[in-house]
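Model, not experiment: these values are computed from the prediction.
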Amino acid sequence: MKLKNIKEVDAFRKAIDSCEHDVLLKSPEGDVLNLKSSLSQYIALGKLLSEAGDNLELFTTCREDEARMLEFVTELEDEQEAAEKQSK
């Protein structure tokens, strides 16, 4: 799944921590970071918050974790849409 504008860093890290297996972030250059590693999380968050953040893809190694992360991303998108509507 593609990630966009992750601004809720703590919530993102909690969603990753709730996963039982590996959560991977892949860049367009082919870099793959395992987000279950704290060091990789910091590197990934730097990439997510930079201009390249919209080009990163998130993968999980089990379906249950995929459902958790998909739920997080969906809630995040819904919150962003609601905030955009309020600002108009």
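Under a hydrophobic clustering in which Ile, Leu, Val, Met, Phe, Trp and Tyr are joined whenever their side-chain heavy atoms come within less than 4.5 Å, directly or via other members, F72 and F59 fall into different clusters. No path of Ile, Leu, Val, Met, Phe, Trp and Tyr side chains, each step under 4.5 Å between heavy atoms, connects Y42 with L24, placing them in separate hydrophobic clusters.
Between the side chain of T61 and the backbone N or O of D22 there is at least one donor-acceptor pair closer than 3.5 Å.
At a threshold of 4.5 Å between non-hydrogen side-chain atoms, the residues Q41 and V23 do not count as touching. Within the 4.5 Å cutoff, side-chain heavy atoms of L58 are placed close to those of L35. Here the side chains of V32 and S27 are not in contact, with every heavy-atom distance at 4.5 Å or above. Side-chain contact between M69 and I16: present, with at least one pair of heavy atoms (C-beta onward) separated by less than 4.5 Å.
Once rounded to the nearest 0.5 Å, the distance linking CD1 of I43 with OG of S38 reads 11.0 Å. The distance from atom CG of L70 to atom CD of E75, rounded to the nearest 0.5 Å, is 10.0 Å.
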T60/H21 under side chain to side chain contact (heavy atoms under 4.5 Å, CB included): CA gap, chis, key distance, verdict: CA-CA 7 Å; T60 61; H21 300 282; over 6 Å; no
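Minimum heavy-atom separation, L56 to P28: CD2-CD, 4.2 Å. In this structure, R68 and C19 approach most closely via the heavy-atom pair NH1-CA, 4.2 Å.
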